[in-house]
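Take a look at the structure set out below.
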Amino acid sequence: MSSAAELKRSDNLYIHPWDDFVKIGEHRRTLLDRGDGVYVYDSDGNRLLDAPAGMWCVNIGHGREEMAQAVYDQIMGLTYVSPWSMTTGPAAEFAAQLAELSPGDLNHVFFTTGGSTAVDSALRFAHFYNNMRGKPNKKHIISQKKGYHGSTYLGGSVSGKERDKSNLHFETALVHHIDAPHPLHKPAEMSEAHFLDRCVGNLEDKIAEVGAENCAIFVAEPILASGGVIVPPDGYHQRCLEVCRKHDMLYLSDEVVTAFGRLGHCFASEDVFGIVPDIITTAKGLTSGYIPMGAFLVSDRLVDEIKSQGGDAAVFSNGFTYSGHPVAAAAGIKNLEIMQREELFEKARETGAYLQRQMQTLRDIPIVSDVRGRGLMACVECELIQGGDDLAMDYEIGKLIDKHCQKLGLIVRPIINMCVMSPPLTITREQIDELVAMLRQGILLAMEEIEASESAPAGAGSRHPSPAA
Ligand SMILES: Cc1ncc(COP(=O)(O)O)c(C=O)c1O
């Protein structure tokens with residue numbers, strides 16, 4: 001067995017997501033080797049509260065023995081079969097459970113390997129749907145700036161985070177972005193109603209520009225998660241769905257993050273935002289990250305339409321070796337059983353409200369410029385220079401907060417100048433107090449380090465007052 005030091009060296013041969021190639025060979029990532037509930041432990045035995053639940057995914061918490069047992073039993077019973085020509089009990093049963101829990105008539109499930117492949121497959125489905133009903137021009141996709149929809153070629157293309165668009169190539173002919181409905185972008189003098197009209201108007205304008213006859217689908221996260229937990233104004237999704245209906249476009253609600261309890265319900269589209277979209281994509285909490293799996297759910301209406309217009313055959317030539325993997329499906333079934341037995345959605349509604357209240361107490365820290373969220377999704381945004389837009393400084397704040405929080409025993413997810421929280425649904429009020437206290441201290445220490453550093457820029461804007469001021 002390799003030592004921790006050897007493993008850290010070997011880790012530099014492992015290209016991680018979003019790796020910086022200039023730093024390959026020099027990375028010193030924290031090596032984690034154990035998890036239990038909301039905590040993980042590093043190779044030195046230090047306990048860390050896992051505030052992002054991995055990557056918004058370990059919803060039932062770490063180290064559940066009955067999940068291990070369910071996975072073991074399935075491997076020993078039947079490891080794998082081809083999803084093309086065969087099926088398995090777990091895959092069929094899990095599909096039926098998801099259909100039962102999903103909103104409206106979203107009763108058909110296409111299993112994938114994760115969120116990116118769910119989004120990619122759903123978009124290919126939208127193209128398939130329009131081909132089958134004789135509308136081959138309706139192929140264009142509209143999505144949101146600050147949205148994240150994955151790392152396949154198409155998923156990356158519909159993602160709208162500008163800072164991720166630098167070094168790769170993307171599909172631009174068929175993909176269009178509109179502004180994210182970010183409440184912070186509402187001018188102070190503008191009413192909520194007017195702001196909502198403007199956000200929805202962005203979609204209408206884009207459809208007019210592209211031509212409704214060319215538009216296939218609108219893609220939106222119920223809450224833009226990795227874009228910084230952006231909660232749209234009330235009524236946004238309902239109004240956008242109406243616009244889609246008017247223009248014969250599909251509405252895809254990307255619930256890779258928001259489903260499976262994060263907002264206190266199995267799916268957020270209907271229960272939180274009052275819409276029944278045409279397609280929902282999901283992953284992460286689907287198996288609580290124990291085994292990779294994703295899915296898109298699609299309405300009976302669309303399936304029936306294809307069926308009635310497809311002629312002799314309507315083959316959807318899209319799928320993966322691991323679509324409906326029985327081990328992943330068995331994990332998904334056990335995950336749902338745990339969530340339901342322990343009433344985790346109901347609990348998340350209560351602890352989510354508490355998390356939001358406690359996070360708001362951070363507003364008194366001078367560099368904290370915004371605190372926002374809903375349910376068990378929260379974001380604290382920091383700004384070193386008032387009104388500044390210095391990317392290097394923004395990155396520095398996030399990295400410093402992350403460094404100090406880790407020393408204090410808290411994992412945060414730094415995204416530029418934001419720290420994002422999405423703890424396991426099992427988190428208690430006491431653990432939320434612990435989280436917020438460590439976060440407060442981590443931000444203050446980061447702020448002090450920046451204030452003390454000689455490299456702090458001078459004259460680039462007005463600096464925030466020191467905490468003592
Ligand atoms: C909203 C959303 N969609 C899609 C994805 C891609 O999922 P995956 O990383 O499982 O491929 C993510 C990942 O964070 C996501 O947040």
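All values below come from the heavy atoms of this structure, side chains included, with hydrogens, waters and symmetry mates left out. Order of listing sets the numbers, starting from 1, for every ligand and every atom in it. Numbers here are sequence positions counted from 1.
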Legend entry - Charged tip of Arg47 within 45° of Tyr39 ring normal and under 6.0 Å: yes
Legend entry - ring-ring contact (aromatic ring centres under 6.0 Å, His included) partner of His325, chosen from Phe320, Tyr80, Phe94, Phe111: Tyr80
Inset, instruction - Write out the residue and atom name of the closest protein heavy atom to atom 11 (O) of ligand 1, then the distance separating them to 0.1 Å. - result: Ser116 OG, 2.5 Å
Inset, instruction - Give the atoms of ligand 1, by number and element, whose distance to some non-hydrogen atom of His149 is under 4.0 Å. - result: 3 (N), 4 (C)
Inset, instruction - Mark the output for Glu221 as yes if a heavy-atom distance to ligand 1 is under 4.0 Å, and as no if none is. - result: yes
Inset, instruction - Could you walk me through whether Asn46 and Lys407 pass the side chain to side chain donor-acceptor pair (under 3.5 Å) test, one step at a time? - result: CA-CA 9 Å; Asn46 297 312; Lys407 279 193 200 149; over 6 Å; no
Inset, instruction - Using a strict 4.0 Å cut-off to heavy atoms of Val257, name the atoms of ligand 1 that fall inside it. - result: 16 (O)
Legend entry - Candidate list Arg245, His237, Glu242, test side-chain hydrogen bond (donor to acceptor under 3.5 Å, both in side chains), partner Tyr251, passing option: His237
Legend entry - Lys NZ or Arg CZ of Lys165 over Phe170 ring: under 6.0 Å, within 45°: yes
Inset, instruction - Report the part of Lys284 (side chain from C-beta onward, or backbone N, CA, C, O) that has a heavy atom under 4.0 Å from ligand 1; answer both or neither where that applies. - result: side chain
Legend entry - Reference residue His140; test ring-ring contact (aromatic ring centres under 6.0 Å, His included); the match among His177, His176, His247: His176
Legend entry - Interatomic spacing from CG in Asn214 to CD1 in Ile207 - rounded to 0.5 Å: 11.5 Å
Legend entry - Residue part near ligand 1, for Ala225, under 4.0 Å between non-hydrogen atoms: neither
Legend entry - Top protein contact for atom 2 (C) of ligand 1, by heavy-atom distance: Tyr148 O, 3.1 Å
Legend entry - Contact check: Gly115 vs ligand 1, nitrogen or oxygen atoms, below 3.5 angstrom: yes
Inset, instruction - For ligand 1, find out whether one of its N or O atoms is nearer than 3.5 Å to an N or O atom of Asp254. - result: yes
Inset, instruction - For Glu255 and ligand 1, answer yes if some heavy atom of the residue is under 4.0 Å from a ligand atom, otherwise no. - result: no
